[in-house]
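Quantities reported herein were computed from a predicted structural model and do not represent experimental measurements.
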Amino acid sequence: MMQTTTYNMRAFVRGLTLMGLTVILGAVMATPAFTKTTRIKDIINIEGVRDNQLVGYGLVVGLNGTGDSLNNAPFTRQSLTAMLERLGVNVKDENLNTGNVAAVMVTATLPPFTNQGGRIDVTVSAMGDADSLQGGTLLVTPLLGADSEVYAVAQGPVNIAGFAATGAAETITQNTPTAGRIPGGAIVERELDFQLADYTQVRLALRNPDFTTARRIASAINGFTATNVATAENAASVVLKKPSGYKGSIVDLITDVEQLPVQPDQIARVVIDERSGVIVMGSEVRINTVAIAQGNLTIKITESPQVSQPNPFAEQGETVVVPRTDVEVNNGADVRLGVLESGVTLQDLVTGLNRLGVAPRDMITILQAIKAAGALQAEIDTL
């Protein structure tokens, strides 16, 4: 006879136990009394107001013998030779032998509206076989944008968050000594040509596209301005127009409306990372009535060989190893079938699976099986 256990909502308020690496995020109570609002500025981006990636190639000098081996890194040798020739030192066809130079890639992010002469942080990463960039100084390095134009120039001492120590029989390495940062290490030489104040309309791009959220943003803005200046174009964009008679610029209008509170919405989604056993569920996850049983077959084999030898002073006999094997089988006979009622919430689902003794990785399989049965009203995204 199979025993059936029915879980109801009254039983679930006794507490929720999360097992292993399972992580459950999101609000459990989804009633309007517990909903939270968010500022518009925290859930949208202004189209055109964006960062730009910069990259450059340079040399780090001043290393204490931890730089590139010039024989193994020809690009470092060529770059060092070219740099010295530009400085009036002719070393062509000479046998260079130094371990204090390393070829590096320099990357940076140019924020929007950064003025000429402003400073930005840069990241320096070794390209060759350098052991460490500790104590090194980056020489003047132009940073290029996607259009191959120079937007900044970087130079300065490299700060690293790790170290490497090598002895005769042991090596200790902490973090990554071949990568570091230079705070404020690049000076902006070219500004991005983007005059937001000259625009009469902009598009508000939702960071998490959703039709309901887009409509709520447009309604909040129109209600605040008492005019129809915002329109939900699609799930990811809201068009904001400067109303006629508005004395300020579009920047002033954005400043006025970005503080308005709205309640973001989202689709029911379950995110699963099978490699680490992490499960993240949204508060809107619902399931239909479903019965769940979970059991594992575990076989434990223990080998305990024993030695058998003849009696002392015996004329015949030999010492042999006698195998001793102990086999234990656990077929999950004590596992029960649990019933989760239709429309149960996230807390109901997790508590029910926990009461069945489901481990995190088994819970992933169960959620996928519930989805395959059509009982899980949510999307499953696998990382």
Side-chain angles (χ1 to χ4, degrees), residues 26-27 29-54 108-121 143-152 184 186-269 282-284:
M29 303 300 293
T31 58
F34 292 87
T35 54
K36 301 295 184 179
T37 59
T38 305
R39 297 180 304 175
I40 290 179
K41 69 183 303 180
D42 296 326
I43 59 176
I44 60 97
N45 293 320
I46 309 298
E47 186 179 33
V49 181
R50 54 183 294 272
D51 296 334
N52 289 271
Q53 307 297 325
L54 305 179
T109 299
L110 181 62
F113 311 121
T114 303
N115 297 324
Q116 185 177 4
R119 287 186 171 271
I120 57 177
D121 299 341
L143 301 181
L144 310 178
D147 55 358
S148 299
E149 297 289 342
V150 176
Y151 285 89
I187 300 177
V188 178
E189 300 291 341
R190 183 193 298 266
E191 298 182 15
L192 297 175
D193 187 15
F194 180 70
Q195 302 297 329
L196 181 61
D198 297 338
Y199 285 58
T200 58
Q201 76 174 38
V202 294
R203 297 173 66 187
L204 311 180
L206 276 69
R207 296 173 184 172
N208 296 307
D210 184 84
F211 285 104
T212 302
T213 304
R215 182 178 179 181
R216 289 175 180 174
I217 291 176
S219 299
I221 295 175
N222 293 334
F224 174 77
T225 59
T227 56
N228 190 21
V229 298
T231 304
E233 189 175 45
N234 50 53
S237 303
V238 176
V239 178
L240 177 62
K241 300 180 180 179
K242 187 175 70 172
S244 58
Y246 187 77
K247 297 182 180 180
S249 64
I250 193 69
V251 176
D252 299 320
L253 180 59
I254 293 174
T255 304
D256 292 337
V257 304
E258 67 178 1
Q259 297 293 337
L260 298 178
V262 296
Q263 178 188 337
D265 202 2
Q266 60 180 357
I267 63 174
R269 179 179 285 112
S283 61
E284 299 299 325

For E189, the side chain to side chain donor-acceptor pair (under 3.5 Å) test, sequence neighbours excluded, returns none
D198/I250 under side chain to side chain contact (heavy atoms under 4.5 Å, CB included): CA gap, chis, key distance, verdict
CA-CA 8 Å; D198 297 338; I250 193 69; over 6 Å; no
Got V49 and L196 here, is their nearest side-chain heavy-atom distance under 4.5 Å?
yes
Just wondering, do V262 and T37 contact through their side chains at under 4.5 Å, heavy atoms?
no
Between the side chains of N45 and R207, is a donor N or O closer than 3.5 angstrom to an acceptor N or O?
yes
For residues 214-221, please give each side-chain donor-acceptor pair under 3.5 Å, one per line with the distance, not counting sequence neighbours.
unit_1, atom_1, unit_2, atom_2, d
R216, NH1, Q263, O, 2.6
S219, OG, R215, O, 3.0

Main-chain N/O of P111 paired with T114 side-chain donor or acceptor, under 3.5 Å
yes
Enclosure of F211 CZ (heavy-atom neighbours >12, cutoff 6.0 Å):
no
Sequence neighbours excluded, every pair satisfying side-chain hydrogen bond (donor to acceptor under 3.5 Å, both in side chains) that has a member inside residues 238-247:
Y246-D256
Do D51 and P112 make a side-chain contact, defined as non-hydrogen atoms from C-beta onward lying under 4.5 Å apart?
yes
Measure across D210 and Q266 and return the closest heavy-atom pair with its distance rounded to 0.1 Å.
OD1-CA, 3.9 Å
Mind checking side-chain contact (heavy atoms from CB on, under 4.5 Å) for R39 and listing every partner two or more places apart, or none if nothing turns up?
K41, D42, Q259
Under the side chain to side chain contact (heavy atoms under 4.5 Å, CB included) rule, what do L110 and V188 come out as? Steps first, then yes or no, please.
CA-CA 8 Å; L110 181 62; V188 178; 3.8 Å; yes
Contacts of type side-chain contact (heavy atoms from CB on, under 4.5 Å), residue A205, not counting sequence neighbours:
none
Heavy-atom check, side chain of T213 versus side chain of N208, under 4.5 Å
no
According to side-chain contact (heavy atoms from CB on, under 4.5 Å), who are the partners of E191, at least two apart in sequence or on a separate chain?
N115, Q116
Passes side chain to side chain contact (heavy atoms under 4.5 Å, CB included), L192 versus Y151? Steps please.
CA-CA 9 Å; L192 297 175; Y151 285 89; 3.7 Å; yes
Check the pair V238 / L206 against side chain to side chain contact (heavy atoms under 4.5 Å, CB included), numbers first and verdict last.
CA-CA 8 Å; V238 176; L206 276 69; 4.1 Å; yes
